[in-house]
Protein chains: 2
Amino acid sequence: MSTPMSTGPDLAAILRVATTRTMRQLRAVGAHRITLTQLSAMASINLAGELTLGELAARERVQPPSMTRVITTLYDHGLVSRKSDPSDGRQVLVSLTEDGRKILQEEAQTREAWLAEKIGTLSEEEKQTLMRASDILLRLIGE
Amino acid sequence: MSTPMSTGPDLAAILRVATTRTMRQLRAVGAHRITLTQLSAMASINLAGELTLGELAARERVQPPSMTRVITTLYDHGLVSRKSDPSDGRQVLVSLTEDGRKILQEEAQTREAWLAEKIGTLSEEEKQTLMRASDILLRLIGE
DNA sequence: TATTGTTATACTCTATAACTATA
DNA sequence: TATAGTTATAGAGTATAACAATA
């Protein structure tokens, strides 16, 4: 009979600490043309190709007004395009411009460079643990 | 010969997404008496017992002025105490008050409740994967 | 009426630069 | 002079409430 090693509360606590510190590091590292929040939104748009602002807000786990602000800034910089959904004029369809795709590619790489470098020092088994953990986490919080 | 399954860049990208979404969820969930940033600082103080503001800032991965602000707010609410280090008057030693310890315990629990609940649905193996991943992450970013 | 997104507003989080106090 | 922390200031990130446009 094996004793459970990881209880919910303890694991939740260490996950919170690991998440907070990783996030602060991700925000702080390097000098960039776009912020981490913008990068994250752009990556989601790129993955979907085209999607409504509401759907994007849901995927990014922010409220619609917050996403409106992010998209407005990206639009002003020419990185995303907006258009009314022809079949429902209330909805706004968002996609990346060509510039947006280029910037995303470059910035994602430099933004994640420090992490990728550290990851390079890990064993294959450790990398797979992180990959599996990411999948579990994303499923846990609803995709 | 086995092909490496997880390359640095891909893993860095999925880790970024998982971290960002988990963080937003942690911030958004529930109604609280203290913010997530305050909870995080208080947990670090509690772990150390007593430590300098600079050391706390380093552990929390923020700059000293940011930590000064957090501590000032907590001090105003009576949750931490500050005193000059008797052997070096420049340094400020921070610790939790009795109220602080009580609030920390209660808030940590409710703050992490949604996560702990979701964790409860995981298999023992999945929980251990998350636990190992947290350890790897914390080591990766320097403790 | 209900839904989608925007505007107005405000608070949290964090940083850099300049300053004060102590060593 | 060098170090620890604070003050001043500003920008990023996010939310709620109220509104406008469309369905």
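Here the structure is a predicted model, which means the values were calculated and not measured. Every chain is numbered from 1 and lettered A, B, ... according to where its sequence line falls, protein lines coming before strand lines.
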Set of residues satisfying side chain to side chain contact (heavy atoms under 4.5 Å, CB included) with respect to A:T68, sequence neighbours excluded: A:L53, A:T72
Non-neighbouring partners of B:R27 that pass side chain to side chain donor-acceptor pair (under 3.5 Å), sequence neighbours left out: none
Where at least one partner belongs to residues 95-105 of chain B, residue pairs that pass salt bridge (Lys or Arg N to Asp or Glu O under 4.0 Å), sequence neighbours excluded: none
Atom pair distance, as rounded to whole Å: CG in B:L51 and P in D:dA4: 14 Å
Side-chain (B:R16) to main-chain (A:A108) donor-acceptor, under 3.5 angstrom: no
Other residues, nucleotides, ligands: >12 heavy atoms within 6.0 Å of A:E117 CD: no
Pairs involving residues 40-55 of chain A, ordered by first then second residue, that meet side chain to side chain donor-acceptor pair (under 3.5 Å) (sequence neighbours left out): A:S40-A:E60, A:S44-A:E60, A:E55-A:R59
Length of the NZ-P vector between B:K83 and D:dA4, whole Å: 18 Å
Per-nucleotide protein contact string for nucleotides 10-19 of chain D (B base, S sugar-phosphate only, - none; heavy atom under 4.0 Å): --SBBBBB--
Could you write out each protein N or O paired with an N or O of nucleotides 19-23 of chain C at a distance under 3.5 Å?
| residue | atom | partner | partner atom | Å |
| --- | --- | --- | --- | --- |
| C:dT22 | O3' | B:G89 | N | 3.4 |
| C:dA23 | OP1 | B:G89 | N | 2.7 |

Whole-Å distance separating the CG atom of A:L93 from the C1' atom of C:dG5: 12 Å
Rounded distance in Å - NE2 (B:H32) to P (C:dT12): 14 Å
Length of the CG-C1' vector between B:L53 and D:dT7, whole Å: 14 Å
Members of residues 71-80 of chain A that approach DNA chain C, where some heavy atom sits under 4.0 Å away: none
Under the side chain to side chain contact (heavy atoms under 4.5 Å, CB included) test, residues paired with B:T22 that sit two or more places apart: A:T19, A:L137, A:I141, B:L26
Qualifying salt bridge (Lys or Arg N to Asp or Glu O under 4.0 Å) pairs, either residue in residues 86-95 of chain A, two or more places apart: A:D88-A:R90
Sugar-phosphate only, base, or nothing, as touched by B:T52 at under 4.0 Å among non-hydrogen atoms: sugar-phosphate
Residues which pass side chain to side chain contact (heavy atoms under 4.5 Å, CB included) with A:V70, listed by chain and number, not counting sequence neighbours: A:T37, A:Q38, A:A41, A:M67, A:L74
Set of side chain to side chain contact (heavy atoms under 4.5 Å, CB included) partners for A:T129, sequence neighbours left out: A:R132, B:T129, B:R132, B:A133, B:I136
Selection residues 73-86 of chain A - residue pairs positive for side chain to side chain donor-acceptor pair (under 3.5 Å), sequence neighbours left out: A:S81-A:S95, A:D85-A:S87, A:D85-A:Q91
